[in-house]
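These notes are about the structure you will find just below.
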Amino acid sequence: MVAKFTGNVSRCSELEVQRYKNRLSEPLLDRIDLYVTMQEPSINDKTKYSSKQLHKKVIDAFILQKKRKQTNLNGKLSDKQINKFCKLDGESEIILQKAISNFNLSFRSINKVLKVARTIADLNANENITKQDLMQSLSYRKR
């Protein structure tokens, strides 16, 4: 079933949407890096960064990856590269272990969380993945 949209409103009932979501398998959902719930923008919303500032942050993050001698971008890191480049500080390691236990994370999910956290750490110019970077990465997981 495909949701039918007219403007900004779906014609599907909540039950139909939930049935559709339930048909998606966990292995398929595991392959999605980020889940972000978007809200309708309001006239009073202000942006935190300009496009130019965001562009600079992305370029700086890319430069950090190159300085680490990464041959792949964060999203394409192999298991071996994840172990090498996705270093956690002490507090982050404890949080990751709790998340693995509490959310029953698969190996693939753990690697996705680490790669996203590495990217967030790069955007924040952090050498290692901090607690805040990891928590933000975990917040992008499907709930």
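These values consider heavy atoms only, across backbone and side chains, with no hydrogens, waters or symmetry-generated copies. Computed from a prediction, not measured in an experiment: that's the story for all the values here.
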Of all the heavy-atom pairs spanning Ser13 and Glu16, show the shortest one and how long it is.
N-OE1, 2.8 Å

Working to the nearest 0.5 Å, report the span between OG of Ser50 and NE2 of His55.
11.5 Å

What one should report as the nearest heavy-atom pair of Asn74 and Lys115 is O-CD, 3.0 Å

Pair Asp79, Asn111 - check side chain to side chain contact (heavy atoms under 4.5 Å, CB included), show working.
CA-CA 8 Å; Asp79 296 343; Asn111 284 348; 3.0 Å; yes

Leu64 CG to Glu127 CD distance, which is reported to the nearest 0.5 Å:
9.5 Å

Asn124 side-chain N/O to Ala121 backbone N/O, donor-acceptor pair under 3.5 Å:
no

Show the nearest heavy-atom pair for residues Asp45 and Ser42, with the distance to one decimal.
OD2-N, 2.8 Å

Are any of the side-chain heavy atoms of Asp89 and Leu134 separated by less than 4.5 Å?
no

Can you see which heavy atom on Ser137 is nearest to which on Ala117, and at what distance?
OG-N, 3.4 Å

Sub-4.5 Å side-chain heavy-atom contact between Arg68 and Arg118
yes

Could you measure the distance from the CD1 atom of Ile82 to the NZ atom of Lys112? Nearest 0.5 Å is fine.
9.0 Å

Residue pair Ile129 / Ile120, side-chain heavy-atom distance below 4.5 Å:
no

Tell me whether Gln97 contacts the main-chain N or O of Ile94 through its side chain, where contact means a donor paired with an acceptor under 3.5 Å.
no

Considering all heavy atoms, the nearest Cys86-Leu77 contact:
SG-CD1, 4.0 Å

Under 3.5 Å, is there a donor on one side chain and an acceptor on the other for Thr119 and Gln65?
no

Around Lys57, counting heavy atoms of other residues, nucleotides and ligands shown, do more than 12 lie under 6.0 Å from its NZ?
yes

If you look at every heavy atom in Gln53 and Lys48, which pair is closest and at what distance?
OE1-O, 4.2 Å

Assess the side chains of Ser78 and Gln81: does a donor N or O sit below 3.5 Å from an acceptor N or O?
yes

Could you measure the distance from the CD atom of Glu93 to the CD1 atom of Ile95? Nearest 0.5 Å is fine.
10.5 Å

Working to the nearest 0.5 angstrom, can you tell me the gap between Lys56 NZ and Tyr49 OH?
12.0 Å

Determine yes or no for a side-chain-to-main-chain donor-acceptor pair under 3.5 angstrom, with Asp133 supplying the side chain and Thr130 the backbone.
yes

Hey, does Asp122 have a side-chain heavy atom less than 4.5 Å from the side chain of Asp60?
no

Within the structure provided, determine whether Val113 and Arg141 are in side-chain contact (heavy-atom separation under 4.5 Å).
yes

Counting C-beta onward and ignoring hydrogens, is there a side-chain heavy-atom pair between Ser101 and Lys98 closer than 4.5 Å?
no

